[in-house]
Amino acid sequence: MTWFTNDRFGMFVHWGLYSLAARHEWVKTRERMTDEEYRPYFDHFDPDRYDPAAWARTAKAAGMRYVVLTTKHHDGFCLWDSDLTDYKVTNTPYGRDLVEPFVEACRAEGLKVGFYHSLIDWHHPAFPVDGTHPQRDSQPVPAGDIARYRRYLHGQVRELLTRYGTIDYLFFDFSYSTRTEWWGGKGPEDWGSKELLATVRELQPDILVNDRLGIPGDFVTPEQYQPSGPLAELWEACQTLNGSWGYDRDNLDYKSADLLIRMLVDGVSKGGNLLLNVGPNGRGQIDPHAAAVLAEIGSWMDLHERAIRGCGPSEFTAPSDCRLTQNGDRLYLHLFSWPLRHVHLPGLAGKVRYAQLLNDASEIRQVTTDPGQTAHNTRMGGQPSGTLTLQLPVRPP
Ligand code: FHN
């Protein structure tokens, strides 16, 4: 069990120039903006309310135990004082490195530190962008450019992994299949993925790296969906709150806390993590709608975290519309719909020592023990809405 499989729940933070556009982090490409048309976001980037300590407290209160920040997204803008480019936060009106205070704030709250880093770079002159980019629709991609971009990519990753102490997690984003439909590239070969991964492990021996270099990493990354069952590899589903990774001012279509709790429970029941995204606005603040959903999740996690932290799939079969998570002899039954008259647990006859609701420790009585299964009376009133969790200590096999 590593910190990753113990913590189970993390915060993803998509933040950068696109946060001022407040429409979507792909706004530059979706709206076919030239560098000049995108420039006002650089010239006006001044997040005066940036408070990574507040972000860290919000994450911790929600039950999250690691935080992953976009150091550079596809637009190429760097949130740290890179020596390798002028397209960085220290050249904006804000003028200061954003990454160091983020790292320090996470550590101060006892949270693991993660970096997201885009392989794609729509700003770098040597990066062969896709045909939808207005500046380079017709330009042929000079063969030598990708080698020059690759050196830039490796150099910036080295900066990030040598300047800020121990980094626990790295989310590269994103690779393609072996041949790149965008410019006929070769994916991992273009990124120098094998060499880059070797450098990462040399610089940060204990770091966890995802699978988006296009070669195997430490965990796979289903995005905006829940796998239908356990996966052979370590895995982490990344999800947005409202369908947009970056701050999207007019999009108030937030997922409910209850749905997100069920995603978290479902994932843990299948051996996976949930990385839930926030998109801070151009002043550096997590918007109130997002903060409210996270706070509601935190209320549930406060009473139920032992059914998540350190848990994984159970050897027993969950009844329909339920999930089972387990940690040693502690079995947790999560009811996604109730009240039921009874809930039947096949294969557990004589094995459940006691049954109680996790939220208030109230007993749930076993009413019958049909051959091969137990049944529990779950007719209850006055319980909190949403996912209801029973703690069922089971007798060792
Ligand atoms: O294109 C990006 C997207 O903007 C976002 O960063 C997600 C997060 O996993 N990754 C890519 C899409 O898969």
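For the numbers below, each heavy atom of this structure counts, side chains included, while hydrogens, waters and symmetry mates do not. Numbers for residues simply follow the sequence, beginning at 1.
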| request: Check whether the ring centres of Phe77 and Tyr41 lie less than 6.0 Å apart, and answer yes or no. | output: no

| task | Using salt bridge (charged side-chain N to carboxylate O under 4.0 Å, His left out) as the criterion, list what pairs up with Lys60, not counting sequence neighbours. | result | Glu109

| field | side chain to side chain contact (heavy atoms under 4.5 Å, CB included) evaluation trace for Glu37 with Glu31 | value | CA-CA 10 Å; Glu37 288 166 337; Glu31 298 181 15; over 6 Å; no

| field | Test log, rule side chain to side chain contact (heavy atoms under 4.5 Å, CB included), inputs Lys72 and Tyr87 | value | CA-CA 10 Å; Lys72 181 192 85 169; Tyr87 205 51; over 6 Å; no

| task | May I ask you to decide if the ring planes of His124 and Tyr149 are parallel, tilted or perpendicular, using 30° and 60° as cut-offs? | result | perpendicular

| Lys/Arg-Asp/Glu bridge criterion (N-O < 4.0 Å) met for Lys270, Asp266 | yes

| Pair Asp81 + Arg96: basic N to acidic O under 4.0 Å | no

| query | Within a radius of less than 6.0 Å around CZ of Arg163, do more than 12 heavy atoms belonging to other residues, nucleotides or ligands occur? | reply | yes

| field | Side-chain heavy atoms of Asp206 within contact of Trp3, under 4.5 Å | value | no

| request: Answer yes if the side chains of Asp211 and Thr221 hold a donor-acceptor pair under 3.5 Å, and no otherwise. | output: yes

| query | Say you draw a straight line from NE2 of His14 to SG of Cys238; how long is it, rounded to the nearest 0.5 Å? | reply | 8.0 Å

| said: Testing Tyr116, Trp122, Tyr18 one by one against His73 for a side chain to side chain donor-acceptor pair (under 3.5 Å), which residue passes? | reply: Tyr116

| task | Flag the pair Thr240 / Phe12 as yes when at least one side-chain heavy-atom distance between them is below 4.5 Å, and no otherwise. | result | no

| query | So does Arg201 have more than 12 non-hydrogen atoms from other groups sitting under 6.0 Å from CZ? | reply | yes

